[in-house]
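Working notes, structure below.
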Amino acid sequence: MQDYLNDCILSALESLGGVPADFTLEFQQPANPDHGDLACNVAMKLEKHFRKAPRQIAEEIRDALEAQPLDPDRISEVQVAGPGFMNFRFSDKYLLSALADILEAGEKFGHSGTGEGKRALVEFVSANPTGPLTVGHGRNAVLGDTIANLLQWTGYEVEREYYFNDAGRQMRVLGESVRARYMAQVDPTLGTKEIGEDGELSTVPESFPEDGYLGEYIDEIATRLLKEKGPDLSTEGDADVFKKAAEGSIFKEIEATLERMGIQMNSFFNERTLYDSNRVWDIVEQFKELDLAYEKDGATWLKTTAFGKEQDTVLVKSSGEPTYRLPDIGYHADKLERGFDLVVDVFGADHIATFPDVVEGVRALGFDADRIEVVIYQFVTLIRGGRPVKMSTRKATFVTLDELMDEVGEDVTRYFFLMRSPNTHLEFDLDLAKEASDKNPVFYLQYAHARIRSILRKAIEVGFSHEGDADLSLLQHEAELNLIKELMRLPESIERAAAHKEPHRLSTYLREIAVAFTQFYGKCRIIGEEENLARARMKLALAAGQVLKNGLSVLGISAPEKM
RNA sequence: GCGCUUGUAGCUCAGUCGGAUAGAGCGUUGGAUUCCGGUUCCAAAGGCCGGGGGUUCGAAUCCUCCCAAGCGCGCCA
């Protein structure tokens, strides 16, 4: 439709003396229904070009359009309004054909082709296997997975990847934590000590690292290890055996948690690969050749000042161990080398200042870093009884993602992470999440879908059917036409959410669908109406159910038949 | 101190590429209902869009300064 109007207006403008070469038309959906279905601000934009009042320009364009004239099967009315807007109203016929399109597309409705032929890699979660996924990881996981879904619906071929590092200091500490617990289980007479800050002291085995992991899961891993391998594991030297055991066990748990949320990764990328292939060291050499790296105090520094930072940063420590920046640059270079047109990273707010170094580093190596898009999300606060729930990873008082799902369910968990813009702080109200009423937005959407399905079942019981053709032109009620207008926006809504990497835009839209449907439901009946009208309305209800279901499936949320 | 993010109704938040009278849910108040699912619907009240300045036909939106909150600022990741 927009393309059609675009062409019409451009040719009308041609007859009025042409437009600047780089001029493009802008359309928008007016907030106020009195302003039609599509508005164009062309006249205001061209005020200077024509040196005329916008209203006058708009009127001239309208006259030229009416002389052509516009296809009455698409546009029923053109209006000049306000400071010079041109408002177009869709004809009923156009709306009905749009409805027919929705029904025909069925579960495919909402797909579009903007990403056709392109490949995208979405990297998310990427938590090192040091413990169970927490609520914070949950927001990351759900955002990443949903962004991947959105991209798929716009035609991209998408891969989901999890990046991890099992060789760093964190993992060493993890292994030592397990070993200490193991040793204490083998010989309970071993001494203990207290670690932590004042008021938050924990009693741990003597050999427990100062910054060790305090979670109960560590003890459980030690117990299992003792049971399976016996008490004679070597506790001397590095804690490799314990680290491996912990890693395997924790990864298994992480994958189970992800699966429970409906998330399936395509690949797990181990940071070690970048060392095995010597990649990271090659990059250091390249940076040196580019005069972007130098040696100082025994370390290798990256000239981040060249990227606009205040200070240079260390790339390789004097110990010879790289900082995370180096493998991260290598990893992103690797992603781009794999030929992806779009590389999406999902990061928590704590990365906000550091990812630009990585992007600029990759760019300096000659890659097209514009293909990298970083989604930063702010932290999550759980609210219970109107108060924030205290969480600390160190003290192991965090709430795990599994616990959250146990409490409120998988659908609610996903929806709550998706209902707000990623870059605002999220308040996750547990009491609201558990409530099965209209106060709970997920419930409202699912309920709307269940009710549609119920109405259709009931209508079939009384002898109606939505099979075969129906005379859609019987749909003339304002609530019916309005519902169709909302329904046909699904593809655009998905595209927009995908383009901005903001799934909440789709959540917001689906809520509008549910509202438009309940308005229709309140004003138009099916059972008890004349059969042809009932059939037409069943078609409309079917389409509304389809749109809700498709939209929910993009969000990874179920659309129940009954509740 | 520096960087990034945020500041919109009592609360939680939407607000498209800069568009017309700034929206929704909750809460509050008042209504409706011979109900295809009352787990519903309708309506009202409620706003200096953090504050000042600027850009322009037009600003919640862009620029600038100030104020406030969050996150970060390590040879941690």
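Chain identifiers are assigned alphabetically (A, B, ...) following the order of the sequence lines, protein sequences preceding nucleic acid strands; residue numbering begins at 1 within each chain. What you are looking at is a predicted structure, and each value in this text was computed from that prediction instead of being measured. Hydrogens, waters and symmetry mates are skipped; everything else that's a heavy atom, side chains included, is used.
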Exercise for review: Take nucleotides 71-77 of chain B nucleotide by nucleotide from the 5' end and write B, S or -, depending on whether a protein heavy atom sits under 4.0 Å from the base, only from the sugar-phosphate, or from neither.
Suggested key: BS--BSB

Practice item. Test A:Glu161 against A:Lys335 for salt bridge (charged side-chain N to carboxylate O under 4.0 Å, His left out), laying out the working first. Key: CA-CA 10 Å; A:Glu161 189 159 277; A:Lys335 290 190 204 180; 5.7 Å; no

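- At the heavy-atom level, A:Cys524 lies under 4.0 Å from base atoms of the strands shown.
- Taking only side-chain nitrogens and oxygens, A:Lys309 never comes nearer than 4.0 Å to OP1 or OP2 of B:G3.
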Could you list the donor-acceptor pairs under 3.5 angstrom formed between side-chain atoms of residues 528-536 of chain A and any protein atom two or more places apart in sequence or on another chain?
{"unit_1": "A:Glu530", "atom_1": "OE1", "unit_2": "A:Asn532", "atom_2": "N", "d": "3.3"}
{"unit_1": "A:Glu530", "atom_1": "OE1", "unit_2": "A:Leu533", "atom_2": "N", "d": "3.2"}
{"unit_1": "A:Glu530", "atom_1": "OE2", "unit_2": "A:Asn532", "atom_2": "N", "d": "3.1"}
{"unit_1": "A:Glu530", "atom_1": "OE2", "unit_2": "A:Asn532", "atom_2": "ND2", "d": "3.3"}
{"unit_1": "A:Arg535", "atom_1": "NE", "unit_2": "A:Asp469", "atom_2": "O", "d": "3.4"}
{"unit_1": "A:Arg535", "atom_1": "NH2", "unit_2": "A:Glu467", "atom_2": "O", "d": "2.6"}
{"unit_1": "A:Arg535", "atom_1": "NH2", "unit_2": "A:Asp469", "atom_2": "O", "d": "2.8"}

Hey, what are the protein-to-nucleotides 42-49 of chain B N/O distances that come in under 3.5 Å?
{"unit_1": "B:C42", "atom_1": "OP1", "unit_2": "A:Gln519", "atom_2": "NE2", "d": "3.4"}

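- Remark: A:Tyr415 is not in phosphate contact with B:G25, judged by side-chain N or O atoms under 4.0 Å from OP1 or OP2.
- Here A:His35 packs flat against the base of B:A20; its ring centre is closer than 5.5 angstrom to the base's six-membered ring, tilted by less than 30 degrees.
- Look at CG on A:Asp357: it is 11 Å from C1' on B:G3, rounded to the nearest Å.
- A:Lys562 comes within 4.0 angstrom of a nucleotide base, judged by non-hydrogen atoms across all strands.
- Taking a cutoff of 4.0 Å between a charged side-chain nitrogen and a carboxylate oxygen, A:Asp370 and A:Arg363 qualify as a salt bridge.
- The residue A:Ser454 sits close to a base: some heavy atom pair falls under 4.0 Å.
- Distance CE (A:Met538) to P (B:C36): 15 Å, rounded to an integer number of Å.
- The base of B:A20 is not paired with the side chain of A:Asp34 by any donor and acceptor separated by under 3.5 Å.
- Counting non-hydrogen atoms under 4.0 angstrom, A:Asn87 reaches a base of the nucleic acid.
- For A:Glu478, the CD atom sits in a loose shell: 12 or fewer heavy atoms of surrounding residues, nucleotides or ligands are nearer than 6.0 Å.
- Put simply, the side chain of A:Thr130 does not reach to within 4.5 Å of the side chain of A:Ile250, judged on heavy atoms.
- When the P atom of B:C26 is taken as reference, atom CD of A:Glu427 falls 18 Å away, rounded to whole Å.
- Residue-level contact check: A:Asn32 touches the bases, meaning some heavy atom is under 4.0 Å from a base atom.
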